[in-house]
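Heads up: the structure comes next, in structure tokens.
Keep in mind the model is a prediction, meaning the values are calculated, not measured. Whatever order the structure lists ligands and atoms in, that order sets their numbers, starting from 1.
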Amino acid sequence: MLPYGRQTVTEEDIEAVAAVLRTDWLTTGPQVEGFEADLAKWTGGVGCASVSNGTAALHVAYAAAGVGPGDEVIVPPMTFVATASSAALLGAKIVFADVEEETFTLDPAAAAAATTSRTKVVSAVDYAGHPADYDALRAALRGSDALLLADAAHSIGATYRGRPVGTLADLTTFSFFPTKHLTTGEGGAVAAPDPGLLERARRFRNIGLVRDRAEQRWPDEGGWHQEVHEFGLNYRLPDVLCALGRAQLRRLDAFLARRAELVARYDEALAGLDGVLTPGRRSWAEPAWHLYPIRVLDGRRREVYDAMRAAGIGVQVNYIPVHWHPAFADLGYRRGSCPVAESFYTQQLSLPLYPTLSDADQDRVIDALGAALRGRPASAVA
Ligand SMILES: *Cc1c(COP(=O)(O)O)cnc(C)c1O
């Protein structure tokens, strides 16, 4: 089965990890700082805190923003559930706001309509690697104290009006899961231009421990002393995995370039195919394509999904609208509240996209899609 996404791990990566295993550091050591500094080169110099996964990055970011009971957090439903569930765990009420046609990122008008005096954070998601419309979102939030968060699990390396992802929001979160643009096995990061927010993120990631004597309540307790002022969790990304991340970052340009090449080939091959629509792109965006999300028309998504799976093509659906999950349904969230996202979901299909996908394998995906649309079984792919 051709997967819809997969990691690219080379001997260089393996060497980088092995080298750290031979040192005294397994967890927090020099690779952590090194990885965070290397990451900041991709976020326009905005400071980054590495964490143990992308879900942890969201949890850390919401905690740093001070999200708690009584607060509202606005989230688009076209995302992975963690964008919403991590804020719900902190006691916030999630308010779903619909997405725009064409990019399926948070609609600034819907976000504005959903904003109240209790809105603490508005979370945009760079769906498939296409940046949300950040200037319009900022304008929509004028007059509100809400922070803007970018879930950039799909979009490291993308730019919006020439500005890199990481500089576009008050808090930006990344995931380094194997299918994403770079991997540390499990891993993630939070970027924040405001040093105070970044420090709160770092502290939550490290159990809330305060080690700086200048900030301690009882600094004269002794050399061993550390204090917790606000609860946190252990979300540290170990040195070993940061070394993998640094090696991966050295090839991120090449990964993104190959993905862009594959996207251009898909765009061209599928342009004339009846029954499907290719992903939209706004003139102000330079996306970093993580997914290649097509739309299958005429109610045939399920049939095309099954046919392609049967042909050995690992297509995927990204995503079930978050408010459809039973955990949200049980809280009273209803289907039909976000019609653009929900209609998109019924058509959406992600085609295989990853840097080592060969032209020949991509051609088989294209052929299998054509065959599925013609209602004929494609020959199986090994
Ligand atoms: C992958 C992903 C996450 C969660 O990241 P993990 O590293 O898997 O925890 C969050 N949001 C989006 C949009 C994602 O794609």
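Within ligand 1, counting atoms from 1 as listed, the ones closer than 4.0 Å to a heavy atom of Ala153 are 2 (C), 11 (N), 12 (C), 13 (C), 14 (C), 15 (O). Annotation for ligand 1: atoms under 4.0 Å from non-hydrogen atoms of Tyr319 are 15 (O).
Heavy-atom proximity to atom 8 (O) of ligand 1, evaluated over Gly187, Ser175, Ser52, is greatest for Ser175.
When non-hydrogen atoms are compared, ligand 1 lies under 4.0 Å from the backbone of Asn53 as well as from its side chain. By the criterion of a heavy-atom distance under 4.0 Å, the side chain of Thr79, and not its backbone, is placed next to ligand 1. Contacts with ligand 1 closer than 4.0 Å are made by no heavy atom of Phe174, backbone or side chain.
Scanning the protein for heavy atoms near atom 15 (O) of ligand 1, the closest one is His154 NE2, 2.8 Å. Remark: minimum distance from atom 2 (C) of ligand 1 to any protein heavy atom is reached at Lys180 NZ, 2.7 Å. Given atom 10 (C) of ligand 1, the protein heavy atom at minimum distance is Asp151 OD2, 3.6 Å. In terms of protein heavy-atom proximity, atom 6 (P) of ligand 1 is closest to Gly54 N, 3.4 Å. With respect to atom 3 (C) of ligand 1, the closest heavy atom belonging to the protein is Phe80 CD2, 3.6 Å. With respect to atom 9 (O) of ligand 1, the closest heavy atom belonging to the protein is Thr55 OG1, 2.6 Å.
In summary, the side chains of Tyr160 and Asp133 do present a donor paired with an acceptor at a separation below 3.5 Å, with no hydrogens or angles considered.
Using the six-membered ring where Trp is involved, Phe104 and Phe344 have ring planes that are parallel, under 30° apart on the 30 and 60° scheme.
Considering both main-chain and side-chain atoms, Phe176 never comes within under 3.5 Å of ligand 1 through any nitrogen or oxygen pair.
Taking the six-membered ring for Trp and the full ring otherwise, the centers of Phe35 and Phe176 sit less than 6.0 Å from each other. Checked against the 6.0 Å centroid criterion, the rings of Trp289 and His181 do not qualify as a close aromatic pair.
Thr55 places none of its side-chain heavy atoms less than 4.5 Å from the side chain of His59.
Seen from the ring of Tyr345, Arg301 counts as a face-on cation partner, given the 6.0 Å and 45° thresholds.
Using a 4.0 Å cut-off between a side-chain N of Lys or Arg and a carboxylate O of Asp or Glu, Asp359 and Arg258 qualify as a salt bridge. The pair Asp135-Arg138 does not count as a salt bridge, with every side-chain nitrogen at least 4.0 angstrom from each carboxylate oxygen. With respect to Glu268 and Arg265, no salt bridge is recorded, no charged nitrogen being found less than 4.0 Å from a carboxylate O.
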